[in-house]
Each structure stands twice: as C-alpha cells, then as structure tokens.
Amino acid sequence: MPHASTLWRGPAPLLLASTSPTRRALLESAGLTVETRAPGVDERAVEAQAAGLSPQNLAERLASAKAAAVAGLSPDRVVVGADQVLDLDGTVFHKPADRAGAAAHLARLQGRTHALHSAVALAVDGAVAEIFVVTARLTMRPLDEAGIKAYLDAAGPSVTGSVGAYQLEGVGIHLFDRIEGDHSTILGLPLLPLLARLRGRRLLAF
C-alpha cells in the first residue's frame, strides 16, 4: 500500500544512503517518504582506488559505493546514493578543514568557473541498477583578500561544511556572477532525473 499523504508507491520508504539533511529535505519536499542510513564509506579510500578517473566518473563511483553499501544491508529496499564533486579545471576540491583552508579555496575559485558534478546511484534488489551524473557550472566573481575575509566573517563556521566553502542558500550567493544548473543539482541531488527514473519503475503516484 502507498504511504499516506505522499506520492511514494514503494512498499517501504525510500532509503537514502546519506545523513545529509539537505538531500533528505529535497526528497521530502517532493512528497516522498524517506528514511536515511549512513553508508559508512571511506570516501578518500574510494578516491584513491579511483585514481585516474575524471571528476564526473569519480562522483559516479562515490555515489555507487554508498548505494551499494546500504543496499547490501537492505536488499529489499529501494536505495538512493548520492555524491558531489567540485571540479576546477580537473582538480577535485575537498571540504576545507578550517577558515584558512576555506580562504585558500576561495582564492583559487574567485574569478573562475568551476563545475559541480552531482551523481546519483539507484539500487534495487540489493544491487546498483542505474547511475547518472548532472553537472552545474558556477562562475565566482573576482574577490580580493578583503572581500574573502568579509565573506568568511559573514558566513561563519558553515564554510567548512561544503567543498567550495559556500552555501548558495545562504550568504554564499553573494560570491557569484553566474550560475548554470538546476538548484537541486547544486545542492547535491538532481531531482528531475531521479524522479523520472523512480517514475519509470512505477514507484511514484504519477
């Protein structure tokens, strides 16, 4: 039976292989019943094993590893794994450890266009069945040292919570001249292609 007050038609809630409140909120805002489970994947180890892959393929590998880890424990559930890679001309960025690291990230990103590759893996019957990646491109306006400091002062500790040291849903929006891409892709879970795949599997009401 479908879950009351949702569009989800699965026999159990969609299982998100992530503890990201942003990704969960995106799915719930689309009317889906969602449960979350930490995948327990060592992302840096996966990245080391994937040396030589393009940033897009790395995002796919990470998303697939997360979905597979959770699906292996719950083979009767529909599982979604997701990951996002920030790519500046082929260089992959990781979350900054502190304010100084965030400032260094911004100094490299300012005045340039970078890509956010958001990958999703869908697992059914205990195995990954589909993987896709969607890319958004963001152009950061030129910033001098004083501008970066002003932004870091305004953003506070949140700058260490994302790979680019910014959150577009907050004061990070002030950093950019141009954004090309769907908002959900930028937040790390491309909703339109994911919903299309769930619909194709008759897991949505319409």
Kindly determine whether Asp83 and Arg61 satisfy salt bridge (Lys or Arg N to Asp or Glu O under 4.0 Å), including the steps that lead there. CA-CA 9 Å; Asp83 204 276; Arg61 181 73 62 87; over 6 Å; no
So do [Y] and [X] actually touch side chain to side chain, heavy atoms under 4.5 Å?
X: Thr185; Y: Gln84; value: no
X: Pro193; Y: Val134; value: yes
X: Ile186; Y: Asp182; value: no
X: Leu116; Y: Thr135; value: no
X: Leu106; Y: Leu152; value: yes
X: Leu138; Y: Thr113; value: no
X: Leu27; Y: Trp8; value: no

Donor-acceptor pair between [X] and [Y] side chains, under 3.5 angstrom:
X: Glu47; Y: His94; result: yes
X: Ser162; Y: Gln167; result: no
X: Ser74; Y: Arg37; result: yes

Check for me, please, whether [X] and [Y] land in the same ILVMFWY cluster - side-chain distances under 4.5 Å, paths through other members count.
X: Tyr151; Y: Leu168; value: yes
X: Val70; Y: Leu16; value: no
X: Leu122; Y: Leu26; value: yes
X: Leu53; Y: Val46; value: no
X: Val120; Y: Leu32; value: yes

Out of curiosity, [X] [atom1] to [Y] [atom2], how far, rounded to the nearest 0.5 Å?
X: Leu203; Y: Leu14; atom1: CG; atom2: CG; answer: 8.5 Å
X: Arg137; Y: Ile179; atom1: CZ; atom2: CD1; answer: 14.0 Å
X: Arg77; Y: Leu73; atom1: CZ; atom2: CG; answer: 11.5 Å
X: Gln49; Y: Leu58; atom1: CD; atom2: CG; answer: 11.5 Å

Step-by-step side-chain contact (heavy atoms from CB on, under 4.5 Å) determination, Val85 to Leu62: CA-CA 9 Å; Val85 169; Leu62 288 164; 4.3 Å; yes
Please report whether the ring centroid of His117 lies less than 6.0 Å from that of Phe132. no
I'd like to know whether Phe176 forms a side-chain contact (heavy atoms from CB on, under 4.5 Å) with Arg141, so could you lay out the CA-CA distance, the side-chain angles of the two residues, the decisive distance to 0.1 Å, and finally the verdict. CA-CA 5 Å; Phe176 294 93; Arg141 63 190 182 87; over 6 Å; no
Check this for me, if you would: do [X] and [Y] make a salt bridge, where the nitrogen-to-carboxylate-oxygen distance has to be below 4.0 angstrom?
X: Arg24; Y: Glu28; answer: yes
X: Glu130; Y: Arg197; answer: yes
X: Arg99; Y: Asp153; answer: yes

What closest approach, in Å, do [X] and [Y] show between heavy atoms, and which atom pair accounts for it?
X: Arg23; Y: Leu189; value: O-CD2, 3.8 Å
X: Pro39; Y: Ala69; value: O-CB, 3.6 Å
X: Val79; Y: Ala67; value: CG1-O, 3.8 Å
X: Gly188; Y: Ala82; value: O-CB, 3.9 Å
X: Leu109; Y: Gly164; value: CD1-O, 3.9 Å
X: Leu175; Y: Tyr166; value: CD1-CB, 3.6 Å

Determine whether more than 12 heavy atoms belonging to other residues, nucleotides or ligands lie under 6.0 Å from atom CZ of Arg202. no
Tell me if the CZ atom of Arg199 is crowded by more than 12 foreign heavy atoms within 6.0 Å. yes
Checking side-chain contact (heavy atoms from CB on, under 4.5 Å) for the pair Arg201/Val124: CA distance, chi angles, key distance, verdict? CA-CA 10 Å; Arg201 293 176 178 275; Val124 294; 3.8 Å; yes
From CA spacing to verdict: side-chain contact (heavy atoms from CB on, under 4.5 Å), Leu15, Val80: CA-CA 6 Å; Leu15 189 52; Val80 168; over 6 Å; no
Pick from Arg112, Arg178, His114: which one makes a side chain to side chain donor-acceptor pair (under 3.5 Å) with Thr139? Arg178
